[in-house]
Each structure stands twice: as C-alpha cells, then as structure tokens.
Number of protein chains: 2
Amino acid sequence: MASTESQQKPARSRRGTGSYDERRIKLAESALQTLGELGYARTSLREIAANSEFSHGVVHYYFRDKTELIVFCVKHYKTQCMHRYDSVVEESTTAENLLTGFADKLVQTLTEESSMHRLWYDLRSQSMFQEVLREDVYDIDRGLEDMIWRVVSQYADLAGNRPLVESRAAYTMFDGIFESALRDHIAGRAGAVEWIRKQIATLIPALCSQPVETESA
Amino acid sequence: MASTESQQKPARSRRGTGSYDERRIKLAESALQTLGELGYARTSLREIAANSEFSHGVVHYYFRDKTELIVFCVKHYKTQCMHRYDSVVEESTTAENLLTGFADKLVQTLTEESSMHRLWYDLRSQSMFQEVLREDVYDIDRGLEDMIWRVVSQYADLAGNRPLVESRAAYTMFDGIFESALRDHIAGRAGAVEWIRKQIATLIPALCSQPVETESA
DNA sequence: AATTGGTCTTGACAGGTGTCAAGAATGAAT
DNA sequence: ATTCATTCTTGACACCTGTCAAGACCAATT
C-alpha cells in the first residue's frame with residue numbers, strides 16, 4: 001500500500017560482491033561472451049551459466065526471461081561502444097585528425113570486438129521476425145545513427161563544408177560498409193582492414209564536399 | 001564399381017508429379033514460406049512439413065540435413081530474384097529510364113517479398129557464427145554485388161559518365177539502404193518506400209558524376 | 001543465538017528438436 | 001500378377017530447451 005508500484009530490489013547485496021545492479025551487469029557481461037561466440041539462437045541459458053560463476057537457474061532471478069537478458073546484454077554493450085566514439089569527436093581538432101581517429105576506432109572495433117558486433121547484427125536481423133525486439137533494436141540503431149552523424153557533421157565543420165546527405169542515409173552507408181568488412185574479417189578473408197580504411201577515407205570527404213554558402217548581406 | 005562416385009537420383013518420378021528435382025524445388029518453395037515467416041532459427045522441419053504436402057520425414061529424403069535444405073532454399077530464391085533485375089538493365093534505354101526502373105523493382109521487392117529478404121539477411125547474419133554457411137552466403141553476396149554493378153555501370157554508360165566507386169563499395173551502400181528500409185517496412189513505420197526511392201534517385205547519380213576522360217592523342 | 005530475507009542452487013517438468021530406421025504405399029517393369 | 005525400386009509416412013530415439021518451484025545458503029539484524 002504505502003510502497004510504490006514498482007517494487008525495488010535492494011541496492012545492497014547479501015551474498016557475492018557488489019550491488020544487485022552490479023551483479024546483474026556481471027551476469028550480462030558473462031553472457032555476452034557466450035552470445036558473441038554462439039549467436040542469439042544457439043545460445044542456451046545453461047551455456048551462459050556454464051561460462052559464468054552462476055548456475056543456470058539464477059538467470060530468472062535477475063531477468064524475466066531469455067529475451068530480456070539478451071536485450072539487456074546488447075544494450076549494455078552498445079551503450080559502452082558508442083561512448084568510445086564520442087571522445088574521438090571531441091578530441092579531434094582538424095578534419096584529417098578526425099578522419100584517421102574515426103577510422104582507427106572502426107578498425108579497432110572490427111578486429112577486437114567482432115564477436116560483439118556480429119551479435120548486434122544477429123539481434124537486428126531477429127527483430128525482423130520477433131516484434132518484441134523491434135523497439136530496443138530501433139533505439140540502438142538511432143543511437144548509432146546519431147553517433148555517426150556527430151562524426152560526419154563535425155568533419156564537415158572542421159573542413160568548412162556541410163554534409164551532402166541526411167543523417168539516416170549516412171548511417172546506413174557506413175553500416176553497410178562495416179557489416180561487409182566484418183563478414184570478411186570473421187571469415188578470415190584478407191584485406192578487410194585496409195578496405196574499410198580506404199572506404200572511410202573516401203566516403204567521409206565525399207559526403208562533405210559541399211562548401212558552406214556564405215550568408216552575407 | 002562400374003557406377004560413378006556420385007550416385008544420381010533418377011530423373012523420372014514414381015509417385016507425385018514432376019521429376020525428383022522438381023519436387024525437391026517444390027518442397028523448397030514450400031519451406032521458403034515458413035522460413036520467411038519464422039526465420040532460420042525458429043523454423044523446425046515439422047513446421048515446414050506441416051505447411052506443405054509432405055510429412056516431416058521426407059526432408060531427409062531430399063536433403064542431407066536442415067542446413068542443406070535452408071541453404072538450397074535461399075539460393076533458389078536469390079537466383080530468381082537477381083534475374084528479375086537483369087531485364088531492367090537490358091530494357092532501359094536512357095539513364096532516367098534505368099533509374100526509375102531500378103527503383104521500381106527495389107520497391108517491389110521491398111513490399112512484396114519482404115519475408116524472403118529478411119530470411120536472406122537472417123542467413124547472412126548466421127553465417128558469421130556458422131562456418132558451413134559462409135561459402136554459400138559469400139557466393140550469393142557476390143552475385144548481388146555483380147547485379148548492382150551492372151545497374152551502376154550501365155547507368156554511367158547511359159549518362160556518359162563513369163562510376164566513382166568500385167563495385168564492392170557501391171553494393172554495400174545499396175545493401176545498407178535496402179536493409180534499413182526493409183526493417184522500417186516490416187516494422188510498419190511509414191515512409192520506407194518514399195525514403196528508398198529518394199535514396200536511389202540521389203545515390204546513383206552521385207556515384208556517377210565523374211565525366212569520362214577523353215583519351216585522345 | 002535465533003531470526004530474517006535476499007541470494008543462489010538444484011532438480012524436475014513439459015515440450016520441442018533433428019535425425020533416422022522400418023516399413024507402407026505407389027506405380028513401372030516384367 | 002508378381003516383382004521391384006522409388007517415394008513417402010510413421011513412430012521412435014536421444015537430446016536439448018526455457019521455466020519454475022522448493023529449498024539451501026549466508027550475511028546482517030535483533
């Protein structure tokens with residue numbers, strides 16, 4: 001009666017280390033490893049638990065069901081992932097600087113976090129079949145779009161130009177390029193890193209070749 | 001001993017109608033409906049059989065296992081799908097003609113065959129986790145790339161220009177745009193058709209803005 | 001020391017999965 | 001009419017799945 005509708009879990013733990021939320025995240029990060037290895041469909045809760053410090057039943061203590069766990073995992077990863085690009089935008093002082101910094105981060109993501117990213121693409125594909133996933137996938141997608149747009153518009157600013165295309169189109173192009181390079185990299189086909197570097201170096205300037213009109217009197 | 005290594009199935013049927021290969025295709029096309037509805041992972045062989053004129057055991061008569069069936073299905077569909085774009089390229093006599101014809105076909109694919117295409121994207125994502133799928137997915141992808149390239153280079157020819165980017169980059173951009181529009185369309189978000197029309201109308205001319213250099217003496 | 005209540009494990013349940021063997025059904029060939 | 005290979009169905013198998021209830025465990029409180 002007196003309590004709020006949403007019953008809160010206590011912030012402090014009795015067992016284990018860290019708070020409820022911290023262990024929730026710990027479980028999610030452990031699950032991310034397995035998910036990145038096996039993919040959405042072929043990962044079972046028992047497999048997740050086996051690769052963690054927990055048992056298979058604990059998942060339903062921290063998450064309603066498998067779907068909620070996986071969505072939480074991907075959201076958690078993507079949130080971290082996007083922030084890593086913010087620093088590149090902020091710390092770049094010249095257009096060239098931004099270009100190479102952005103390309104470096106993309107290459108780093110491609111090579112060091114390929115498993116996490118194929119999981120993201122897996123989830124996004126699944127969202128075309130499972131309606132419950134769509135809203136979360138949409139949110140992540142818009143977050144990534146905004147991130148790319150910050151890069152592109154910042155580049156345009158530094159180069160004294162303005163972007164030729166709108167935010168959405170710019171994102172889908174980069175995304176297509178990244179996904180293609182990711183498949184090459186995962187399949188062990190050579191040249192993926194060089195290819196994406198070249199694509200970025202070509203595409204970004206091309207998208208910003210429009211000079212700013214001087215609105216003078 | 002006297003027979004060849006690869007034992008051939010007879011070309012004529014005893015039961016049913018059509019040849020062995022024809023009924024193989026019939027089963028595959030029936031499976032495609034279910035696969036397009038449920039996706040790779042959530043489609044069971046029993047579900048496929050239930051939506052067909054066969055029983056669930058017959059799958060292993062025509063296909064070694066589930067994977068072979070699904071790969072065959074997607075390959076079968078994609079082969080048909082790609083050929084439909086060839087006529088557009090051949091029958092277009094002007095650049096504008098080609099542009100609208102191509103856009104029309106894309107919109108038609110987007111709206112009328114969204115289920116088939118989400119299946120393709122599903123399979124492609126799965127190929128990042130399952131090595132057995134990679135070769136077939138790669139082949140399909142290259143086939144699509146060639147198809148797109150035929151459109152782009154034909155447009156450039158008709159417009160008296162030459163493409164700015166190479167085949168691979170052009171394909172990944174279109175693919176990114178199409179996939180994004182497909183997600184919008186499937187999720188019921190408005191404007192997907194208009195958006196992709198505009199993107200095509202913008203991107204193709206932009207990719208072919210380079211005038212042909214006259215190689216004179 | 002006893003109690004409490006959050007945390008986690010265990011084990012079971014009901015249902016679904018791909019696969020395959022055994023044989024029924026079918027129609028052509030003899 | 002009998003034989004025969006092909007085609008398809010049936011039923012079973014071993015295994016895996018998400019879920020959840022029952023209770024064990026344990027730190028903090030009294």
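Quick note on labels: first sequence line is chain A, next is B, and so on, each numbered from 1.
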Regarding Thr43(A), tell me which of base, sugar-phosphate or nothing describes its non-hydrogen contacts under 4.0 Å with the strands shown. sugar-phosphate
[N] phosphate, OP1 or OP2: any side-chain N/O from [X] under 4.0 angstrom?
| X | N | answer |
| --- | --- | --- |
| Ser44(B) | dG16(C) | no |
| Arg42(B) | dT17(C) | no |
| Tyr61(B) | dC8(D) | no |

Between Arg64(A) and His56(B), just flag the one whose closest nucleotide in DNA chain D comes earlier from the 5' side. His56(B)
Can a salt bridge be assigned to the pair Glu22(B) and Lys26(B) using a cut-off of 4.0 Å between side-chain N and carboxylate O? no
From [atom1] of [X] over to [atom2] of [N], roughly how many Å is that when rounded to an integer?
| X | N | atom1 | atom2 | value |
| --- | --- | --- | --- | --- |
| Asp65(B) | dC20(C) | CG | C1' | 13 Å |
| His60(B) | dT19(C) | NE2 | P | 4 Å |
| Lys66(A) | dG16(C) | NZ | C1' | 13 Å |
| Tyr20(B) | dA5(D) | OH | C1' | 15 Å |
| Glu47(A) | dG18(D) | CD | P | 10 Å |
| Glu53(B) | dC8(D) | CD | C1' | 11 Å |
| Tyr40(A) | dT17(D) | OH | P | 14 Å |
| Leu45(B) | dA12(D) | CG | P | 19 Å |

Want to settle it: does Ser55(A) or Thr67(B) sit nearer the 5' end of DNA chain C, counting the closest nucleotide to each? Ser55(A)
Are the ring centres of Tyr20(B) and Tyr62(B) closer than 6.0 Å? yes
Thr109(A)/Tyr85(A) under side-chain hydrogen bond (donor to acceptor under 3.5 Å, both in side chains): CA gap, chis, key distance, verdict: CA-CA 10 Å; Thr109(A) 307; Tyr85(A) 285 82; 2.8 Å; yes
So, under a plain 3.5 Å distance rule, would you say the side chain of Arg46(B) forms a donor-acceptor pair with the base of dG16(C)? no
Which heavy atom in Val151(A) sits nearest to a heavy atom in Leu98(A), and how many Å separate them? O-CD2, 3.5 Å
Using 30° and 60° as the class boundaries, would you call the ring planes of Tyr77(B) and His117(B) parallel, tilted or perpendicular? perpendicular
